[in-house]
Amino acid sequence: NATFRDSVAALYGVTVQTGASFRDLLGSSEETERLTGIVDRALAGESFTVEMELGDPACGRSLFTILLAPLRDENGALKGAAFSAQDITELKRTQAVLQISETGMRTIIESSSDGFEIVDKNGIVRFVNPKVEALFGRPAKQLMGATFGFPIEEKKTTELEIPRPD
């Protein structure tokens with residue numbers, strides 16, 4: 001289809017000809033062998049998903065999730081394979097940036113001299129930093145997953161007296 005032709009042209013700088021194999025399009029390479037191998041698995045009757053980085057380095061490489069499945073006729077006989085590929089390059093970059101940001105924020109919160117506690121809309125404690133552990137006199141594993149136990153009102157400050165077990 002046109003999307004496949006455009007994607008191959010952008011990734012490899014080649015024009016797709018109907019009926020051409022990966023070897024015809026890309027020549028002999030490690031990537032060609034990997035692509036041929038996954039298609040062969042689908043042609044052997046296996047359905048699966050893989051993540052692969054594809055593309056000629058001169059044209060730019062992208063990361064794809066590829067779903068492959070055998071095609072069968074009305075009698076169940078294998079007649080070919082189908083695949084669907086989704087470019088997940090930007091998704092993976094965004095996830096990496098978010099992970100770095102989350103790690104930085106977690107470091108700040110965990111080293112803070114202030115207590116930080118995250119409570120979901122149902123009143124369940126989802127995160128506490130070490131200062132909250134000290135304030136409540138209980139380890140995080142006892143606090144997280146438990147009901148907060150105090151009324152929570154959005155955009156309202158509430159002062160709490162925290163009884164300590166000591």
Side-chain angles (χ1 to χ4, degrees), residues 1-12 30-31 33-35 37-72 76 81-166:
N1 69 26
T3 303
F4 177 75
R5 280 194 311 273
D6 294 346
S7 295
V8 170
L11 287 167
Y12 297 101
E30 186 178 312
E31 190 160 302
E33 296 309 314
R34 286 187 317 163
L35 289 167
I38 65 170
V39 171
D40 287 347
R41 284 173 55 194
L43 289 170
E46 185 179 351
S47 294
F48 60 97
T49 302
V50 296
E51 277 188 13
M52 291 180 75
E53 188 176 36
L54 301 171
D56 182 332
C59 297
R61 295 185 58 81
S62 293
L63 185 63
F64 287 86
T65 294
I66 307 170
L67 169 66
L68 295 103
L71 290 175
R72 299 184 184 278
F83 74 92
S84 173
Q86 180 179 10
D87 186 340
I88 59 170
T89 307
E90 286 305 313
L91 172 66
K92 291 293 185 173
R93 283 186 190 136
T94 301
Q95 287 174 339
V97 168
L98 284 173
Q99 179 63 43
I100 290 167
S101 177
E102 180 184 336
T103 300
M105 184 60 75
R106 185 173 289 271
T107 299
I108 291 167
I109 289 173
E110 287 181 350
S111 62
S112 175
S113 60
D114 293 323
F116 284 92
E117 184 168 27
I118 297 175
V119 179
D120 70 15
K121 65 182 179 182
N122 297 316
I124 305 299
V125 177
R126 297 298 175 193
F127 173 84
V128 297
N129 72 345
K131 185 63 176 184
V132 169
E133 290 179 281
L135 286 170
F136 282 87
R138 296 186 5 226
K141 66 181 179 184
Q142 283 183 1
L143 297 168
M144 292 195 318
T147 303
F148 182 57
F150 299 98
I152 300 171
E153 293 184 46
E154 202 171 321
K155 297 182 181 180
K156 185 175 178 194
T157 302
T158 305
E159 193 170 309
L160 303 173
E161 185 173 320
I162 302 170
R164 292 184 37 118
D166 29 321

Can you give me the closest heavy-atom contact between Cys59 and Ala10, atom names plus distance?
CB-O, 3.3 Å
Are any of the side-chain nitrogens in Arg34 or Glu30 under 4.0 Å away from the carboxylate oxygens of its partner?
no
Is Phe64 close to Leu11 at the side-chain level, that is, under 4.5 Å between some pair of heavy atoms?
yes
With side chains defined as the heavy atoms from C-beta onward, is the minimum distance between Glu51 and Lys92 less than 4.5 Å?
yes
At their closest point, which heavy atom of Asp114 faces which heavy atom of Ser112, and how far apart are they?
N-OG, 2.9 Å
Close side-chain approach of Val132 and Leu143, heavy atoms under 4.5 Å:
yes
May I ask you to check whether Phe4 and Phe83 place their ring centres under 6.0 Å from each other?
yes
Using a strict cut-off of less than 4.0 Å between a Lys/Arg side-chain nitrogen and an Asp/Glu carboxylate oxygen, indicate whether Glu110 and Lys131 qualify as a salt bridge.
no
Do you see a donor-acceptor pair shorter than 3.5 Å between the side chains of Gln99 and Thr103?
yes
Derivation of the side chain to side chain contact (heavy atoms under 4.5 Å, CB included) call for Glu117 and Phe136
CA-CA 11 Å; Glu117 184 168 27; Phe136 282 87; 4.0 Å; yes
Min side-chain heavy-atom separation Arg41-Phe48 under 4.5 Å
yes
Between Val125 and Phe148, what is the shortest heavy-atom contact and its length?
CG2-CA, 3.9 Å
Test item: Glu31 side-chain N/O and Gly55 main-chain N/O as donor-acceptor pair under 3.5 Å
yes
Hey, is the main chain of Asn122 close enough, under 3.5 Å, to the side chain of Asp120 for a donor-acceptor pair?
yes
Within-4.5 Å side-chain heavy-atom neighbours: Asn129 and Arg106:
no
So Val119 and Arg126, do their side chains get closer than 4.5 Å, heavy atoms only?
no
Answer whether the closest heavy-atom distance between the side chains of Thr147 and Ile124 falls below 4.5 Å.
yes
Side chain proximity check, Arg61 to Leu54, heavy atoms < 4.5 angstrom
no
